[in-house]
Amino acid sequence: MKVLVTGGAGYIGSHTSLCLLEAGHEVVVIDNLSNSQVKSLERVQQLAGSNIAFRKVDLLDERAVETVIGQSGGDAVIHFAGLKAVGESVEKPLKYYQNNVVGTLNLLHAMDRAGIRTLVFSSSATVYGASEEVPLTEKAPMDATNPYGRTKEQIEDILCDLSSADRRWSIALLRYFNPVGAHESGLIGEDPSGVPNNLLPFVAQVAVGRHERVLVYGNDYPTPDGTGVRDYIHVMDLAAGHLAALDFLKSKVGTFRWNLGTGRGSSVLEVIRAFADAAGRQIPYEFAPRRPGDAAVSYADPSSALADLGWSARRNLAQMCEDQWRWQRDNPLGYGESN
Ligand code: UD1
């Protein structure tokens, strides 16, 4: 299959592109490199031993999107491209709605004109908002609590409306829980710009001395050790979920949604301990007040993905930390100044 991957140079996009190449698919990456680097794609090609076609295009450039999709052709699109910083989305909501929602509309118009109507969309468990009715099933209502989350919600709605109106579309909405880890080679991984907001990349940077300690946001939650519980999922398991969804869509029309998580929650302290074990070094931390907007507990019921796609996450927290550590150790400054 020929698969167009928007945002393919980013964290989840690069790992998924690698899995696509390894499964024998042809890959065209469309990325504006606003939060990623082509170096990730060079590494993917090195690992796969095959080539990716790369097109530097911004999804807000409607004509360029139409041209690149029309010229590339292809059988399906996996759409990762989007802005994802929760805090920034609260400060600059218009930027988020413009980039994520309008960018997606441009993509959909171009796909329709090119006759490509199979799409896997990168959604997020963030659409469940502060719901703590765990485990979360796909039936839980969408109730995002910030503009970033609402862009995911709105795009999901747009895609549902589209496939209801035109039965030629086959669409998968993949709701990721907390993606972490890296490819086991340590050659590709997450390269957050600035100080990371998410737990694992921050812990990894503490391990290499880029920060003194982890601030643990809240130790008075109603959880076994008082710290927040999340469903961390290895990025390679997540990538495999995209291939399973693509395969499913070959014989189905309509919109389908699946949680991609492990179904197991880990607390902040468990993560810090697992990372310290993986890295063989201390991870200093101190307790700090709760971070506004954080839920106490969130983890998936991933049984629909197992039933429909035959997919389940295989890697445990120790493997997530080992792989994240290898990437961080070998590339302390990300792709910018790799060893
Ligand atoms: C965050 C986003 C969510 C996004 C997800 C992607 C918010 C409110 N939500 O979710 O929209 O889809 O990332 O992975 O930002 N923690 C600390 N210290 C830190 C960082 C985090 O204690 O320095 C704690 C948090 O309080 C939380 C857990 O670690 O309990 C995980 O945090 P994080 O990695 O930011 O993920 P989420 O909050 O689940």
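Worth saying up front: this structure is predicted, and the values here are computed from it rather than measured. Counting convention: from 1, in listed order, for ligands and their atoms alike. FYI, the numbering just counts along the sequence from 1.
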Undergrad: Measure the acute angle between the ring planes of Y11 and H15, then classify it against the limits of 30° and 60° as parallel, tilted or perpendicular.
TA: perpendicular
Undergrad: Name all residues meeting the side-chain contact (heavy atoms from CB on, under 4.5 Å) criterion together with D161; count only those two or more places apart in sequence or in a different chain, and write none if there are none.
TA: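 Residues passing side-chain contact (heavy atoms from CB on, under 4.5 Å) with D161: none at all.
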Undergrad: Can you name the residues that come within less than 4.0 Å of ligand 1, going by heavy atoms only?
TA: V86, S124, T126, Y148, N178, P179, N197, N198, L199, L215, V216, Y217, G228, R230, Y232, V268, R291, D294
Undergrad: Relative to the ring of F80, is the ring of Y176 parallel (under 30°), tilted (30 to 60°) or perpendicular (over 60°)?
TA: tilted
Undergrad: Do P302 and F177 have side-chain heavy atoms sitting under 4.5 Å apart?
TA: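 They are not in contact (no side-chain heavy atoms under 4.5 Å apart), so the answer is no.
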Undergrad: Whether E286 and R213 form a salt bridge (side-chain N of Lys/Arg under 4.0 Å from carboxylate O of Asp/Glu) is what I want to check.
TA: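 Looking at R213 and E286, the cut-off is met.
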Undergrad: Could you label the plane-to-plane angle of the Y96 and Y148 rings as parallel, tilted or perpendicular, counting under 30° as parallel and over 60° as perpendicular?
TA: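 It falls in the perpendicular class, over 60°.
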